[in-house]
Peer 1: 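Structure provided below as structure tokens; questions to follow.
Note that these values count all heavy atoms, side chains included, but never hydrogens, waters or copies made by symmetry. Source: prediction; values computed, not measured.
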Amino acid sequence: MESQNVNNSLNLDMEKDQEKAFDYSKRAQWLRAAVLGANDGLVSTASLMMGVGAVKQDVKVMILTGFAGLVAGASSMAIGEFVSVYSQYDIEVAQMKRESGGVVEKEKLPSPMQAAAASALAFSFGAIVPLLAAAFVKDYHVRIGAIVAAVTLALVMFGWLGAVLGKAPVVKSAARVLIGGWLAMAVTFGLTKLIGSHSTL
């Protein structure tokens with residue numbers, strides 16, 4: 001019995017040591033791209049749809065605006081991430097060559113294509129949330145409420161997921177993401193409503 005307790009204790013200690021030894025900063029590259037992409041897709045697409053919804057109540061216009069935001073945003077995120085990570089790649093290759101006399105360890109280098117794909121897919125995943133929330137709701141007020149509710153739930157989920165994967169404080173992370181998303185939608189809706197009400201077009 002004592003031997004079993006000792007073994008269990010040793011196993012627990014080994015698991016803790018492995019967790020401590022794991023460098024969570026290694027997740028930073030793809031985690032940053034994925035979480036940032038999903039959050040941007042969610043917030044920017046929802047804000048676009050809310051802004052258009054402030055002056056145009058037609059569901060088709062809102063959906064088309066959201067879809068255009070999804071395509072444009074995913075493309076922009078992918079290109080931006082590719083260029084950014086490729087710059088980092090070039091810097092690290094040059095540093096490796098200086099330190100090792102021309103030897104480059106490719107497995108230690110960042111992947112521009114991987115980062116670009118992660119950003120585009122994550123952005124698209126986030127952008128789909130408000131699109132689906134609005135797609136099947138005809139009533140304007142219910143549609144706006146559905147978008148806000150769906151985006152709120154997704155913001156909390158993205159904040160929680162980013163915190164868990166990066167071993168960061170969950171409540172602070174989720175609250176930060178949620179408040180930022182709400183603020184973006186409110187500002188876009190409010191300013192568009194204000195400009196739309198004074199426009200002569």
Peer 1: Under 3.5 Å, side chain of Ser87 to main-chain N/O of Val83, donor-acceptor pair present?
Peer 2: yes
Peer 1: Measuring from atom OG1 of Thr188 to atom CG of Leu183, what distance do you get when rounded to the nearest 0.5 angstrom?
Peer 2: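 That separation rounds to 9.0 Å.
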Peer 1: At what distance, to the nearest 0.5 angstrom, does CG of Leu109 lie from CE of Met96?
Peer 2: 4.5 Å
Peer 1: Is it possible for you to say whether Leu64 and Val61 belong to one hydrophobic cluster, with membership spreading through side-chain heavy-atom contacts below 4.5 Å?
Peer 2: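 No: no chain of side-chain contacts under 4.5 Å links Leu64 to Val61.
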Peer 1: Are Leu121 and Phe67 connected into the same hydrophobic cluster when the rule is that any two of I, L, V, M, F, W, Y join if their side-chain heavy atoms are below 4.5 Å apart?
Peer 2: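 Different clusters.
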Peer 1: Please tabulate, for side-chain N and O atoms in residues 36-51, each donor-acceptor pair with protein atoms closer than 3.5 Å (sequence neighbours left out).
Peer 2:
unit_1 : atom_1 : unit_2 : atom_2 : d
Ser44  : OG     : Asp40  : O      : 2.5
Thr45  : OG1    : Gly41  : O      : 2.8
Ser47  : OG     : Val43  : O      : 2.7

Peer 1: If a pair satisfies side-chain hydrogen bond (donor to acceptor under 3.5 Å, both in side chains) and one of its residues is in residues 120-137, list it, with sequence neighbours excluded.
Peer 2: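 Not a single pair qualifies under side-chain hydrogen bond (donor to acceptor under 3.5 Å, both in side chains).
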Peer 1: Would you kindly confirm whether Met77 and Val71 end up in one hydrophobic cluster when ILVMFWY residues are joined by side chain heavy atoms under 4.5 Å apart?
Peer 2: no
Peer 1: Which heavy-atom pair separates Glu81 from Ser119 by the least distance, and what is that distance?
Peer 2: CG-OG, 3.4 Å
Peer 1: Return the CD1 to CZ distance between Ile128 and Phe123, rounded to the nearest 0.5 Å.
Peer 2: 11.0 Å
Peer 1: Determine which pairs satisfy salt bridge (Lys or Arg N to Asp or Glu O under 4.0 Å) with at least one residue from residues 86-107, sequence neighbours left out, and list them in order.
Peer 2: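 Qualifying pairs, neighbours excluded: Glu105-Lys108.
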Peer 1: Kindly write out the residues that satisfy ring pair (Phe, Tyr, Trp, His ring centres under 6.0 Å) with Phe82, not counting sequence neighbours, or none if the list is empty.
Peer 2: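 Scan of Phe82 (ring pair (Phe, Tyr, Trp, His ring centres under 6.0 Å), adjacent residues dropped) gives Tyr86.
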Peer 1: Restricting to non-hydrogen atoms, name the atom on Gly126 and the atom on Pro130 that form the minimum distance, rounded to 0.1 Å.
Peer 2: O-CD, 3.4 Å
Peer 1: Which donor-acceptor pairs under 3.5 Å do the side chains of residues 144-165 make with protein atoms, sequence neighbours left out?
Peer 2:
unit_1 : atom_1 : unit_2 : atom_2 : d
Thr152 : OG1    : Val148 : O      : 2.7
Thr152 : OG1    : Trp182 : NE1    : 2.9

Peer 1: Please output the side-chain donor-acceptor pairs of residues 131-143 that fall under 3.5 Å, not counting sequence neighbours, one pair per line with the distance.
Peer 2:
unit_1 : atom_1 : unit_2 : atom_2 : d
Asp139 : OD2    : His141 : N      : 3.3
Asp139 : OD2    : Val142 : N      : 3.0
Tyr140 : OH     : Gly53  : O      : 2.6
Arg143 : NE     : Val137 : O      : 3.0
Arg143 : NH1    : Gln57  : O      : 2.9
Arg143 : NH2    : Gln57  : O      : 3.3
Arg143 : NH2    : Lys138 : O      : 2.8

Peer 1: Grouping I, L, V, M, F, W and Y whenever their side-chain heavy atoms are under 4.5 Å apart, do Val187 and Ile195 come out in a common cluster?
Peer 2: no
